[in-house]
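Remember, it's a predicted structure, so these values are computed and weren't measured experimentally. Keep in mind that the numbers below use all heavy atoms, side chains included, and drop hydrogens, waters and symmetry copies.
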Amino acid sequence: MLITLFLCLGFMMAVLYIDLMFDVSALPYRSSKAPLPTEVLDPITHYYGRITQNPFVLMFVMLTTTLCIGSQILYGLAPQWVGWSSLFLMGLSMVTGTLKVIPTAQRLGSAKDSEDVRTRMVHSMLPAHLILLVNILLLTAIQFSAAGG
């Protein structure tokens, strides 16, 4: 079960890494009121268009992670604090992803909005991605320490 859990965490971290790379490419333009340059905005729009064609893969990975953590709690496979704190962090990540990141990414990927609106959407993703980064890193550290790593 730990292998599955760490594979899921690794997958989520890989997707988050790509998302953060796009956030970093837009970061120099954050203080400007102008739309992002085409060479920055177009790859981001294309990426989110492709990645959100099937968001169920990421949702499946998040659900699998949650089930692994639930199994830890149910069967006493880890100390209670590990299970419950991991479940809280995973729940917060799922809420952030489901309510903010995935809908914004789908809308951004549709490319139906103006460049100004898409630029605001790109900039609005950074705080959510940072929350997810902290959650996944903490969750991984907690699980790794409990696994005896």
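Here Val95 is tied into one hydrophobic group with Leu99, each link being a pair of ILVMFWY side chains closer than 4.5 Å. The other residues sharing a hydrophobic cluster with Leu7 are Ile3, where clustering joins ILVMFWY side chains under 4.5 Å apart.
Expressed to the nearest 0.5 Å, how far CE of Met125 lies from CG of Leu132 amounts to 9.5 Å. Rounding to the nearest 0.5 Å gives a distance of 5.5 Å between CD1 of Ile69 and CG of Leu5. Distance CG/Leu92 to OG1/Thr96: 4.5 Å, rounded to 0.5 Å. Interatomic distance, CZ of Arg50 versus OG1 of Thr45, reported as 14.5 Å (0.5 Å rounding). With rounding to the nearest 0.5 angstrom, the CG atom of Leu63 is 9.0 Å from the CE atom of Met90.
Residues that satisfy the side chain to side chain contact (heavy atoms under 4.5 Å, CB included) test with Thr4, not counting sequence neighbours, are Cys8, Thr64, Cys68. Ser124 pairs by the side-chain hydrogen bond (donor to acceptor under 3.5 Å, both in side chains) definition with Lys100, not counting sequence neighbours. Under the side chain to side chain contact (heavy atoms under 4.5 Å, CB included) criterion, Glu115 pairs with Pro35, Thr38, Leu41, Arg118, not counting sequence neighbours. Looking at residues two or more places apart in sequence or on another chain, you find a side chain to side chain contact (heavy atoms under 4.5 Å, CB included) between Ser32 and Ala34. Leu89 pairs by the side chain to side chain contact (heavy atoms under 4.5 Å, CB included) definition with Asn135, Leu138, Leu139, Ile142, not counting sequence neighbours.
Here the shortest heavy-atom pairing between Ile136 and Leu9 reads CG2-O, 4.2 Å. Contact detail for Ile44 and Leu108: the closest heavy-atom pair is CG2-CD2, 3.9 Å. Gly49 approaches Gln53 most closely through the heavy-atom pair O-CG, 3.2 Å. Closest approach of Gly97 and Pro103 over heavy atoms only: O-CD, 3.8 Å. Here the closest non-hydrogen pair linking Leu2 and Ala147 is CD1-CB, 3.8 Å. Val82 and Ala146 make their closest contact through CG2-CB, 3.6 Å (heavy atoms, listed as atom of the first residue, atom of the second, distance).
Among pairs with a residue in residues 28-39, none fulfils salt bridge (charged side-chain N to carboxylate O under 4.0 Å, His left out), at least two apart in sequence or across chains. The stretch residues 81-121 participates, sequence neighbours left out, in no ring-ring contact (aromatic ring centres under 6.0 Å, His included) pair at all. Applying the salt bridge (charged side-chain N to carboxylate O under 4.0 Å, His left out) test to every pair with at least one member in residues 101-111, sequence neighbours left out, gives these pairs: Arg107-Asp113.
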Distance-only donor-acceptor hits, side chain of residues 72-79, under 3.5 Å, sequence neighbours excluded:
{"from": "Gln72", "atom 1": "OE1", "to": "Gln143", "atom 2": "NE2", "distance (Å)": "2.9"}
{"from": "Gln72", "atom 1": "NE2", "to": "Gln143", "atom 2": "OE1", "distance (Å)": "2.6"}

Would you list the atom pairs, donor with acceptor, under 3.5 Å between side chains in residues 11-20 and any protein atom, with sequence neighbours excluded?
{"from": "Asp19", "atom 1": "OD1", "to": "Tyr47", "atom 2": "OH", "distance (Å)": "2.8"}
{"from": "Asp19", "atom 1": "OD2", "to": "His129", "atom 2": "NE2", "distance (Å)": "3.4"}

Give the intermediate values and the outcome of side chain to side chain contact (heavy atoms under 4.5 Å, CB included) for residues Thr52 and Ile102. CA-CA 7 Å; Thr52 59; Ile102 292 173; 5.5 Å; no
Start with the C-alpha distance between Phe22 and Val122, add both sets of side-chain angles, then the distance that settles side chain to side chain contact (heavy atoms under 4.5 Å, CB included), and finish with yes or no. CA-CA 8 Å; Phe22 285 117; Val122 168; over 6 Å; no
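Hydrophobic clustering of Ile, Leu, Val, Met, Phe, Trp and Tyr side chains at less than 4.5 Å, counting indirect connections, unites Tyr29 with Val117. Under a hydrophobic clustering in which Ile, Leu, Val, Met, Phe, Trp and Tyr are joined whenever their side-chain heavy atoms come within less than 4.5 Å, directly or via other members, Met59 and Tyr48 fall into the same cluster. Cluster membership for Phe60 and Leu87, using ILVMFWY side-chain heavy atoms within less than 4.5 angstrom, is not shared. Ile131 and Val24 are assigned to two separate hydrophobic clusters, defined by single-linkage of ILVMFWY side chains at heavy-atom distances under 4.5 Å.
Listed for the Thr119 side chain is a donor-acceptor partner under 3.5 Å among the backbone atoms of Leu36.
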